Each structure stands twice: as structure tokens, then as C-alpha cells.
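Contents: one structure, followed by commentary.
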There are 4 protein chains.
Amino acid sequence: MAPLNDEQLHQIRDERKEQIMEAALKVFSRRGIVGTKMSMIAAEAGISHGLLYHYFKSKDELFTTLVQMAMLGAQDAMKSIYDLQGSPLDKIKYLTKEILDEGGRPYFMLIYQARTSEGVPEKVKELIAQYSLKSFVDELLPVFKEGQQTGEIAAGDPAELISAYLSVLSSLMMLNAQDEETYRLPSSDILMRMVTGP
Amino acid sequence: MAPLNDEQLHQIRDERKEQIMEAALKVFSRRGIVGTKMSMIAAEAGISHGLLYHYFKSKDELFTTLVQMAMLGAQDAMKSIYDLQGSPLDKIKYLTKEILDEGGRPYFMLIYQARTSEGVPEKVKELIAQYSLKSFVDELLPVFKEGQQTGEIAAGDPAELISAYLSVLSSLMMLNAQDEETYRLPSSDILMRMVTGP
Amino acid sequence: MAPLNDEQLHQIRDERKEQIMEAALKVFSRRGIVGTKMSMIAAEAGISHGLLYHYFKSKDELFTTLVQMAMLGAQDAMKSIYDLQGSPLDKIKYLTKEILDEGGRPYFMLIYQARTSEGVPEKVKELIAQYSLKSFVDELLPVFKEGQQTGEIAAGDPAELISAYLSVLSSLMMLNAQDEETYRLPSSDILMRMVTGP
Amino acid sequence: MAPLNDEQLHQIRDERKEQIMEAALKVFSRRGIVGTKMSMIAAEAGISHGLLYHYFKSKDELFTTLVQMAMLGAQDAMKSIYDLQGSPLDKIKYLTKEILDEGGRPYFMLIYQARTSEGVPEKVKELIAQYSLKSFVDELLPVFKEGQQTGEIAAGDPAELISAYLSVLSSLMMLNAQDEETYRLPSSDILMRMVTGP
DNA sequence: CATGAATGAGGGTTCATTCAT
DNA sequence: GATGAATGAACCCTCATTCAT
């Protein structure tokens, strides 16, 4: 996933702000909101912790901002597959790679963190409700349906299939991010088998 | 009145200890060790926070005890499938259900938390190393191999297949645990397709 | 110093109470009031900590009671030298030995603790004020004066001399009690030299 | 405005650190490590308790730092007498005065506390072992021996004499520190008599 | 009487947040 | 803007004290 598109970037006028957000994303996505200390973010960004508060009112606000951005980014990633050439399955493979890739992963990890952690700000809960799994499912519905028609994609309720696909995909990132040695990313083939079916 | 006799005291201790562990499992498994406050566990158990320390020396010890128990329980769950009748696939389906079930889930969630959280006690890290994914993979190897011979299970490196299967399974719990409404557990069929292959 | 005379004993009707006080004296005298936990006293007495509260309302009360008893005991020890035969210097040597002896030491140590610790109960402060050094000095004044007349004891203000003698004596117990190896009790001869003078 | 430059910050840090150490010395020396609460030190220093932890990692570290400094200071005090003019006895008198003086007393009291308290950090125990009474005795040995040759100092084992002298001296501080009115410091003359002998 | 389970005030420590410089 | 000193709420844990049995 490309880091951010122009529309998202325009709301980051400040280079410093971007620098902070990048650092915060890195730390939050790995450690979650509770496990992250503001000092960690400051250290990662190479600035003093005091400066964080010139750009973000609070830890919660910073986290919330990032989640919001990640949500938009994720949606964009979904949409972007429609700009591609190729068969539906090609598009899904592309998306899979995109999500699991080094670049896009932090955003999806952050979303995962937001979803699976208690103690996130109220605003984040609202965002999660708003950008529910359903909204992503809806985004992918056309391509999956098309794939089912061509026979590339397994038959059955496509919404359920997408839901399963996304759940598994996002879950995998977390495992992969933590402990490269113990867990291996299931080979794409195995993952795709869920989708393509027998 | 004469003080309680040993047996009675023992019983109280055991009951309380179990009560605390149950409460702690519930909270730890959802919120992780950092996100869990001793007061939460106390509240969940319906006792004062001070009493926790009559039964467990520290938060770390409590967490470690639970992880240890969960590890053993998980291993037992793996082993138990060999007592079942039925085809290899039946056994795997049973295990899947077992892990995702309301009952066993907290234990697997706790293991997940232990694996993916920063700030866990050293002892827990050792436990994780000891009961690595590999040990679980080894446990399931026979049944998967058998399934591959009968053709029920997809061909390919069985260790990789099991690893993928377990990774996905355990991470799904986390998503599922939080938010029953938004996420639905992928239907077993779809999940099984990872394993069965075309 | 004999542990306790009859008069003091009569107020300990209960064997248990005596047992507790003995244990408490042992611990308090070494560790002071802040460094002593009720559980330590209970363990030393071989009873449960709950039982302490059947005999003493609080830690403070227990400490205060002991200080009171020690004060009386100390005064008795002073008085007792007048029952002895021998020269003034003999009497003082006897008192010195008595105070530094295994038996009487805890009482004097407790007084020392009470005197040198902050955070003792108000009542103890009153006791210290009441049984000030002056009261002990007064007690010994006759024998020191007599010694000065016979030339056994150094000349000079006898009150000052006694004050110095007692201060040094009580201080020494503490050092001796802690760390047998590092500190050695100054030989009586050296100590006596303070008193006898050139 | 530009942030403080390095030198300014360094100065603030140093000043604060000194301010805290001064306050801590005052409280620790009187109340010992167990009887001292971090809030007392903070109050004495006129700062918030949180700030203490910007300058010292823990209560133990603060205590240890002070003990270390006190040990060095004590050794320096011992050594300094060799820079003085005068007879051996003059030097010892000077040292006596130095130790009992308002200024140096807290350091010696702290050492006393470290020596006689339970619950001091392991590092402090090592320091005590390292700077044992013996090391101080060794330091004073030359001047005492010289005094014995000139006849100013009493004959006998000089190590024993010094040990007695130091023990008494250090324990006197404790009594004296608390209660200026009740106890008077034994006049130097009387104290010196221990050393000079008949 | 005797026990130890149970409580909760309070102390050590961390860390989000504020603010003087 | 930028820094890091400073604050204080909140967390883990201890221990004096209470109380059911």
C-alpha cells in the first residue's frame, strides 16, 4: 500500500507532524495503545516528548488520528484494485500482497490493534463501528462476485467469503510482525486456497 | 470457636485461588498483561485487590501461572484429538471447534497475548520458547500426515500447513473475542478449505 | 539485669501475653518500630498474627507497653546497685556489665530505639520525656559522688560524667547487637577509663 | 524562545540533584531507609515526589548514592587530620569535633543508619563491607601509635582503642541528633579520657 | 481463644501532561 | 518551535488491622 495519497497528505501540513505520525504508527502498530509510551514515540521520532504536545493534544488524539488515517488508507487500498488490469483473482492476489507487504502492514496492524484492544478512546470505537468489516466487504464484493462468475473464486456467499478472507489476512499480520522466527507467514498459496476453493 | 481445620482452610484457599485465576484469565486474555490492572481482576473476582496478594505474589506470577496452565491445556487439547474416532479431517474440525469455542478460547487468547505482548515476565518468555509453535506442530503432525495419505488433507509440507492453520486460528480468536457483532467467525468450511485444498 | 521483677510481672497475668511481649521485645529492640512487622512478632512468638490483637490493640500499643516496661526495668536496674556490697566503682562496673549483658540488653536497646527513632507513638515520646536521662542521672548521682570522694571516680561535674557514661553505654549496645564481627565491644577497661579518669 | 542551552540545563540538574541529596541526607540520616518516605524527601526538598525519579532511579539508588558519598567523606575526614599541625591528641580532638559537629554529623549518621538498619540495598551492604570499621581503624592507626609513643595516648592494643573510640563516637551522634535538650554530648574531655587513659 | 482470610490505607514508582525558559 | 524540568494521577504492592469461623 502506498503510504498515503495526496488527499490524506494535505491534512499534514507540517513535516514535523508527519514525522511524529510515522514514528507513532510504527510503535502503536506493534505495541498497541497501552503498551506504547509517549517517550517511545518521541524517541522513535528523534524529538523531545514535550514537542509531541505541540502537534497532538494527547496520546489518545494521536492514536485516534492514526486510526482514522489508517481506515481511510485501507479503504483506498481496497478501491485501488479496481484500477488494475487482470483477472479478479489477480486483483485479490495483489491486494493480499499489498496488505502483507512491509509498507502497508503498519496501517492494517494499527487497525487490528484498535479492534482487538480494550481501553481505546471512545472516538476510536466509533471509527471502528463506522468502518466496520462490512464496509470493506462491500468494497470487495464486486470483484469477488466477478471471480465467482468466471469460476476463479469459490462459490458460496461472497460476503462470508470476503469476511473470512479479511479476518484471516489481518490476523496474520500481527503474528508475522512479532516474531519472525517462530511464526511463518502461511504461504500465499495456502491462503489463496481459502478463496479459490476446490 | 475452634479455628477452621486444615481441610476447610485448604478448600477455601483452593476455591479462592480458582476464583481468582478464572477472573484473571478473563481479563488478561482480553486486555493483555499491560492493559490489565490488578484492580480489574479483583473486581472481576469480587474481592479486594489486597486479597490477590494472599494467593499470588505478584501480577507477573499470576500471569505466568495462567500461561503455564494454558500451555498445558493447549497441549492437552492437541493430544485429545487422538482419542477421537473418525477421519483425520474430523479430528481437525473438532480441534478447530474446540479452540474457537467459548470455553477454550480464553486459554488460547492468553497464549496469544503472551506471545504478542511486550512486557511479559521472563518466565513467560521461557515458556513460550519451550512450548513454541513447533511443539504444537509436532503434536499435530501425525494426524495431518495421515490425512494427506488418505487425500483428505492438501498435499505439501505438512509442517507449513499446520503452522498456517494454527496461526490463522489463534489470531482469529482475538478478532472474534472483542466484537461479536462486527466480525463473524469465518465459517468452518471456508477455514477448512485452507487445509483440505482443491 | 534480671528479666523482670515481680511487680512488673504481676501485670502480665497471661502467659500468652508474656510470650508475645518477649517476642516483640526481641524484634523491636533490633529492628525498631518501623522496621518491625507484626508478622515478625507473631512468627517469633510462634502464634498467628491475628492473635496479637487479642492481647494488644495495636502495634503502637504493644511498642508503648514494652517501652514503659523497659523504662521501669532500667530504673530498677539503677536502683539495684544500692543493694550491692562493694566500692562505688564495683557497683558501677556491675551496672555496666548488667546493661551490656545478653539478658538486660534488649530492654536498653528498646529504650535506645525509642529515643533515636522518629515516628514513635506520642505516648512513647511522653515516656521518654518523663524518664529522661536526667532521672537516670539522678538515680546514680549518690554512688558517683561517693566514688569521687573516695577518689575512685574522676573529679568534675558528676551529672555530666554520668550523662556521658550512660550515653556511651547505651549507644554501644546498638552497635554490638547488630554486627558481632565488625564491631567489637570496647573492652570494659577502656570504657571504665572514662569514669575513673587519670 | 530558544530552549535552555546545555550548560544551563546541566546547572539546573546539578543544583536540583544536590538539593535532593541534601534533603535526602537530612531525612535518611534521622529516620533510616525504612522510616523515610520518598514524600518526606520531596517535601524537605520542596519539590514533587515525581521529580525525585527524574534524578534518581529509586529510593534505594538515592540511599546508596548518599552512603557512598558519606563513606568517601568519612574517609576524607580521617585522612585530613594528617594535614594538620599539632600533636596526635590534637588531631584526634579535631576529628572528634569534626564528627560531632553540626556539619559532618549527617554523613556519619547516615553511615550508622546504613550499618544498623535492616532492609538496606545489597549495594550498601557491599559498601559497608568494603569500608568496614577496619578500614577506618587502619586510617587512624599511625596517629594513635604515634600518640602512644609520645605517651599522650593510652597504651594497649591501638586497634582496639580506635575501634572503641569510633564506636562510641558514632553511636553518640544518634542519641544527640534527636533530642538536643535531653541528651547532651558528653564533654570532649570525658570522651578523650577514653583515649588518653590515666 | 485461635486462625488466617479479607480489607484498605498508604508507600514506591511510572508516565501522560504542563509549562518555564 | 523546542526542550526537558516539573507535576500528580494512577498503578503495583505491603502490611496493620478486622472478622468470620
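Chain letters run A, B, ... following the sequence lines, proteins first and then strands; every chain starts at 1. Small disclaimer: the values here were computed from a predicted structure and weren't measured.
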OP1 or OP2 of dA6(E) versus the side-chain N and O atoms of R16(B): is any pair under 4.0 Å? yes
Report all side-chain donor-acceptor pairs from residues 34-47 of chain C shorter than 3.5 Å, counting only partners two or more places apart or in another chain.
{"residue": "T36(C)", "atom": "OG1", "partner": "G32(C)", "partner atom": "O", "Å": "2.6"}
{"residue": "E44(C)", "atom": "OE2", "partner": "K26(C)", "partner atom": "NZ", "Å": "3.2"}

In this structure, how many angstroms lie between the [atom2] atom of [N] and the [atom1] atom of [X], rounded?
X      : N       : atom1 : atom2 : value
K17(D) : dG4(F)  : NZ    : P     : 16 Å
E15(D) : dA5(F)  : CD    : C1'   : 13 Å
E61(B) : dC12(F) : CD    : P     : 16 Å
D14(D) : dA5(F)  : CG    : C1'   : 14 Å
K59(A) : dT18(E) : NZ    : C1'   : 17 Å
K57(D) : dC15(E) : NZ    : C1'   : 17 Å
F56(A) : dT18(E) : CZ    : P     : 15 Å
L52(D) : dA6(F)  : CG    : P     : 11 Å

Need to verify one output field. Residue with the more 5' nearest nucleotide on DNA chain E, S58(A) or D60(D)? D60(D)
Of the nucleotides dA5(F), dA2(F), dT3(E), which one has an atom closest to the side chain of L51(D)? dA5(F)
Any side-chain heavy atom of Y112(D) sitting closer than 4.5 Å to one from T116(D)? yes
Hey, does L72(C) have a side-chain heavy atom less than 4.5 Å from the side chain of Y131(C)? yes
Rounded to the nearest 0.5 Å, what separation is found between the CE atom of M21(D) and the CG atom of L25(D)? 8.0 Å
Separation between CG (D60(C)) and OG1 (T65(C)), nearest 0.5 Å, reads 10.0 Å
Can you pull out every ring-ring contact (aromatic ring centres under 6.0 Å, His included) where at least one residue sits in residues 18-53 of chain B? Sequence neighbours excluded, please. F28(B)-F63(B)
Check residues 119-129 of chain B and write down every donor-acceptor pair under 3.5 Å in which the side-chain atom is one partner and the other belongs to a residue at least two apart or another chain.
none

Quiz item: H54(B) side-chain donor-acceptor pair to dA6(E) base, under 3.5 Å: yes
Does any N or O donor sit under 3.5 Å from an N or O acceptor when you compare the side chain of H49(D) with the base of dT13(E)? yes
Residues passing the side chain to side chain contact (heavy atoms under 4.5 Å, CB included) test with S48(C), sequence neighbours excluded, are L51(C)
Could you identify which residues of residues 36-47 of chain B place a heavy atom less than 4.0 Å from some atom of DNA chain E, listed by residue number, or say none? I47(B)
Nearest-nucleotide check on DNA chain F, Y55(A) vs Y53(C); residue mapping nearer the 5' end is Y55(A)
Note: E118(C) and R30(D) closest approach over all heavy atoms is OE2-NH1, 3.4 Å
Each base of DNA chain E marked ( ) or [ ] if paired in-strand (Watson-Crick or G-U under 3.5 Å), | if paired to another strand and . if unpaired gives .||||||||||||||||||||
